[in-house]
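Before any comments, here is the structure.
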Amino acid sequence: MPNYTLKINGESKEVEAVEDMPLLWVIRDLLKMKGTKFGCGQAFCGACTVHLDGNAVRSCSLPISAVGTGEITTIEGLSENGDHPVQKAWVEHIVPQCGYCQSGQIMNAAALLNSNASPSEEEIEQAMAGNLCRCGTYNRIKDAIVTASKSL
C-alpha cells in the first residue's frame, strides 16, 4: 500500500492507504477524527464536507490519491476553540437539532464566506443546496450564515 503525507488542520500526517480509499475513511478510520460524518457515500448529502485548499469538497468521493499536496481542513481544524464566526452564529441561531449534518453544513458555509464575504440570500441558497438537513433547519442555517458574514 502507498504511503501518503497529508497536510491536515495545519499538521503533516503520514498514512498508509490504498490509492482509491476515500478521504472520508482516511480521516475517520486512519486518523481517528470523527467530526466529519458519513452520510450517503455518493457526494449527494454534504455531511462529509471538508476543505481542500479552502474549497468545500465531499470527502466521501475524493480518493486519497487525488489530494496531492493540498491542504485539508476538517471541522476539528476550522478553529481551535469553536470560535469561528460560522460556529458562533450556529450557536446564536440554535441551528442544530439532531446535529448529524452540522459539521458538513458549517464547513460548506465557511468555504462560501471565504470566497464571498457578503453573499446574497440567493447565493447562500445556491451554495448550500448540496447539503441536506433531515431536520429542516434551512432557515436557521441561512440566518446564521448572514450573521457570520457580518462578523467577518
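Side-chain contact between V86 and I145 is absent, with no heavy atoms from C-beta onward closer than 4.5 Å. Within the 4.5 Å cutoff, the side chain of P119 has heavy atoms near those of the S149 side chain. Considering only heavy atoms from C-beta on, I72 stays 4.5 Å or farther from K7 through its side chain. Looking at T137 and Q102, their side chains come closer than 4.5 Å, going by heavy atoms from C-beta outward.
For the residue pair E76 and T74, a side-chain donor N or O sits within less than 3.5 Å of a side-chain acceptor on the partner. A side-chain N or O of S79 and one of Q87 form a donor-acceptor pair less than 3.5 Å apart. T49 and R58 share a donor-acceptor pair across their side chains, judged by distance under 3.5 Å alone. Donor-acceptor pairing under 3.5 Å is recorded for the side chains of E14 and T5.
Surrounding CG of L152 are more than 12 heavy atoms belonging to other residues, nucleotides or ligands, all under 6.0 Å away. Other residues, nucleotides and ligands contribute at most 12 non-hydrogen atoms within 6.0 Å of the NZ atom of K88.
Scanning all heavy atoms of the two residues, the minimum distance from S103 to T36 falls at OG-CA, 4.1 Å. Smallest separation of non-hydrogen atoms from N108 and A127: ND2-O, 2.9 Å. Minimum heavy-atom separation, I8 to K13: CG2-CG, 3.3 Å. Between G104 and N131, the shortest heavy-atom contact is O-ND2, 3.2 Å. V18 approaches P2 most closely through the heavy-atom pair CA-CD, 4.3 Å. Taking every heavy atom of both residues into account, A47 and Y100 meet most closely at CB-CE2, 4.5 Å.
Note that the OG1 atom of T73 and the CG atom of L78 stand 7.5 Å from one another [nearest 0.5 Å]. To the nearest 0.5 Å, the span separating CD on Q105 from SG on C133 amounts to 6.0 Å. Atom NE2 of residue H93 and atom CG of residue N139 lie 12.0 Å apart, to the nearest 0.5 angstrom. Atom CG of residue N55 and atom OG of residue S115 lie 8.0 Å apart, to the nearest 0.5 angstrom. In this structure, M33 CE and R28 CZ are separated by 11.0 Å, a value rounded to the nearest 0.5 Å. In this structure, NE2 in H84 is found 9.5 Å from CD1 in I106, a value given to the nearest 0.5 Å.
Every residue two or more places apart in sequence or in another chain that forms a side-chain contact (heavy atoms from CB on, under 4.5 Å) with E19 is listed here: Y4, S65.
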